[in-house]
Amino acid sequence: MVYKNKTSCVHAGELKDLEYNGAVSPLYMSTSYAFDKVKSNLYPRYFNTPNQTALGKKISILEKGEKALIFSSGMAAISSSLFSNLESGSHVIFQNDLYGGTSNFIKKQFPKYGIEFSFSKGLGVSDFEKEIKQNTVGIYIETPSNPLFKIINLKEVSKLAKDRECWTIVDNTFASPVNQNPISFGIDMVVHSATKYLGGHSDISAGVVVSNNFFIEKIYDHAKNFGGNISEYSSWLLERSIKTLFLRVEAQNRNAMNLAKFLQKNKYVSSVHYPGLESHPDYLIAKNQMHGGFGGMLSFEMNQSINTSKFLESLKLIKPSTSLGGVESTLVIPKFTSHALLSKKERLNQGISDNLIRLSVGIEDPGDLKLDLQNSINTASNES
Ligand SMILES: Cc1ncc(COP(=O)(O)O)c(C=O)c1O
C-alpha cells in the first residue's frame, strides 16, 4: 500500500512491538546480535540494525528513493557519498555558493587524493556545462542555495549530467522532502543534514543519503570501512521527529512566506531573498520544482541606517544561532559567521552585504515573530 506523505511520516518503516504491543517502534540499543539465526550480520557500522533500518525505510519513502543510509552527521553522509563515487584523476563540479562545511571538505581533502574539482561561475545549466571536462564524473548542487536562496533547475542539471554520463548529488537540507524531491527530477543521490529539518528540534546530529540500490551499494561499501553510522538512540529519536515533519515544515513554509511579505514592506529593509516571492528572480523555477511550499529559510538586507549588532542584541524571541531548521526561529549574520573569513570585497562579489540577515523561521505565532523583528529594527535604526 502506497500512503500519502503525511501518513508515511508517521508510519513508514515503523517497527512492531511484538512483545507489548506498544504504539511506537521499540528502541534496540544492542551492538551485538546472534550470527546463526539471522539473514545478515547485524552491527551498527554495517548500517543495518533495527532502528537504523526502520529510519532508512521512512526517509527513502519520503525522498522517493529505493534505499537510504543514515549517518551520524550531514558531513559524514556528504563525504561518504562523494568519496565513494570518486577516485584519483576524476573531476567533479560544485556550484559556486556551497555550504561552507562541504566547501572546506573538498578544498582540504580532495587534493590529498588527486581528485579534481571546479566551481560553477553561476547557477544556470550553462554554467555547469562550461565546467565539464573529459574526466568529469559528477555534479553536486544545493537548491535553494545559501544564503541568497537562488534556485537551480533540477531537471536541466540532471539532463545535462545524464547526457554526459555523470552522476548528480543534491543537498536537499534546506528544502526538506516536504517541499522538494530531487530524485523525481532525475537526480541520482540526495543528501541531508538531518541535524536540520528532519530532526527539527535542534537536538539530533544526523545525516542521510537516499538513492537507488546501485549507488547505495557503492556508498555502503565505502561507509562500512570509514564508519560514521548514526547511534541507535539518535535513529530512534529521528524516527520520532519525522512523525511531525510535515506539520512542522508546512507551518515553517507559511510563517516564512508571511515574514518575507512583511519584511518586503519595511522601510528599513532594502531586499528580501525568498524563492516564494513572485519578485524572486528564480520564482518560476522554484514554483515548478518545489511542491509543498518554498521552505522556512529566507534572508534580507537592512539599509545602512541599521546597526546590525544593535539589531541582534535587541531581539527577544528570535535566537542568534548558526544552525537552522528547528521549531524555534533563529538567525545568523553571514558577515559574522559562515562568511567571516572572507574580505568585505569577496563577500560583496558573492552578493553578501554586511547587513544581510539569514532567518530560519520556526513554528511560533507569526505575529510574535513580526513584532520581535519590528521592535529590533526600530531600536537599531539611526532614527531611534
Ligand atoms: C546545507 C547543509 N548541508 C550540510 C550540512 C552539514 O551537516 P552537519 O552539520 O549535520 O554535518 C549543513 C550544516 O549546517 C548544511 O547547512
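On a predicted model such as this, the values are computed, not experimentally measured, just so you know. Remember, it's 1-based here, ligands and their atoms both numbered in the order they're listed.
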Asker: Just to confirm my output: which protein heavy-atom neighbour is closest to atom 9 (O) of ligand 1, and how far is it?
Answerer: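 The closest heavy atom on the protein side is K196 NZ, 3.8 Å.
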
Asker: Can you name the closest pair of heavy atoms from N5 and F246 and give their distance?
Answerer: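 Nearest pair, atom of N5 first, then F246: CB-CZ, 3.2 Å.
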
Asker: Classify the ring geometry of F117 against F110: parallel below 30°, tilted from 30° to 60°, perpendicular beyond 60°.
Answerer: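 F117 vs F110 ring planes: perpendicular.
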
Asker: If you take the nearest heavy atom of each of A76, S72, G74, which one is closest to atom 8 (P) of ligand 1?
Answerer: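 The option holding the nearest heavy atom is G74.
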
Asker: When you check the gap from the basic side-chain N to the acidic O, do K57 and E14 get nearer than 4.0 Å?
Answerer: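 No, K57 and E14 are not salt-bridged.
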
Asker: With a 4.0 Å heavy-atom cut-off (strictly under), which part of V191 contacts ligand 1: side chain, backbone, both or neither?
Answerer: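 None of V191 does.
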
Asker: For atom 11 (O) of ligand 1, what's the nearest protein heavy atom and its distance?
Answerer: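 Ranked first by proximity to atom 11 (O) of ligand 1 is M75 N, 2.8 Å.
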
Asker: Answer with yes or no whether the side chains of E63 and H192 bring together a donor and an acceptor at under 3.5 Å.
Answerer: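 Indeed, the side chains of H192 and E63 share at least one donor-acceptor pair under 3.5 Å.
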
Asker: Is there a donor-acceptor contact under 3.5 Å linking the side chains of N51 and E239?
Answerer: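 Distance-only check fails for N51 and E239.
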
Asker: So, E66 versus N213: side-chain donor-acceptor pair below 3.5 Å or not?
Answerer: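 N213 and E66 do have a side-chain donor-acceptor pair below 3.5 Å.
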
Asker: For ligand 1, which atoms sit closer than 4.0 Å to a heavy atom of S193?
Answerer: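 So the atoms of ligand 1 that pass are 4 (C), 5 (C), 6 (C), 7 (O), 8 (P), 10 (O), 12 (C).
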
Asker: What protein heavy atom sits nearest atom 5 (C) of ligand 1, and how far away is it?
Answerer: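 Residue, atom and distance for the closest contact: Y99 CE2, 3.3 Å.
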
Asker: Does even one non-hydrogen atom of I78 get within less than 4.0 Å of ligand 1?
Answerer: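 It does, in that a heavy atom of I78 comes within the 4.0 Å cut-off of ligand 1.
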
Asker: At under 4.0 Å between heavy atoms, is it the side chain or the backbone of H192 that contacts ligand 1, or both, or neither?
Answerer: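 Neither; no heavy atom under 4.0 Å.
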
Asker: Ignoring hydrogens and angles, state whether a donor on the side chain of Q95 or S145 is under 3.5 Å from an acceptor on the partner side chain.
Answerer: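 Judged by distance alone, the side chains do not pair up.
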
Asker: Please state which protein non-hydrogen atom is closest to atom 10 (O) of ligand 1 and give its distance, to 0.1 Å?
Answerer: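 Here the closest protein heavy atom is T195 OG1, 2.6 Å.
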
Asker: Hey, does Q289 have a side-chain heavy atom less than 4.5 Å from the side chain of N181?
Answerer: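 N181 vs Q289: side chains apart.
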
Asker: Please report whether ligand 1 has a polar contact with F174, defined as an N or O pair separated by less than 3.5 Å (distance criterion only).
Answerer: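 No; the residue has no nitrogen or oxygen that sits under 3.5 Å from a nitrogen or oxygen of the ligand.
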
Asker: How far is atom 2 (C) of ligand 1 from its nearest protein heavy atom, and which residue and atom name does that atom have?
Answerer: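 Checking every protein heavy atom, the shortest distance to atom 2 (C) of ligand 1 gives D171 OD2, 3.5 Å.
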
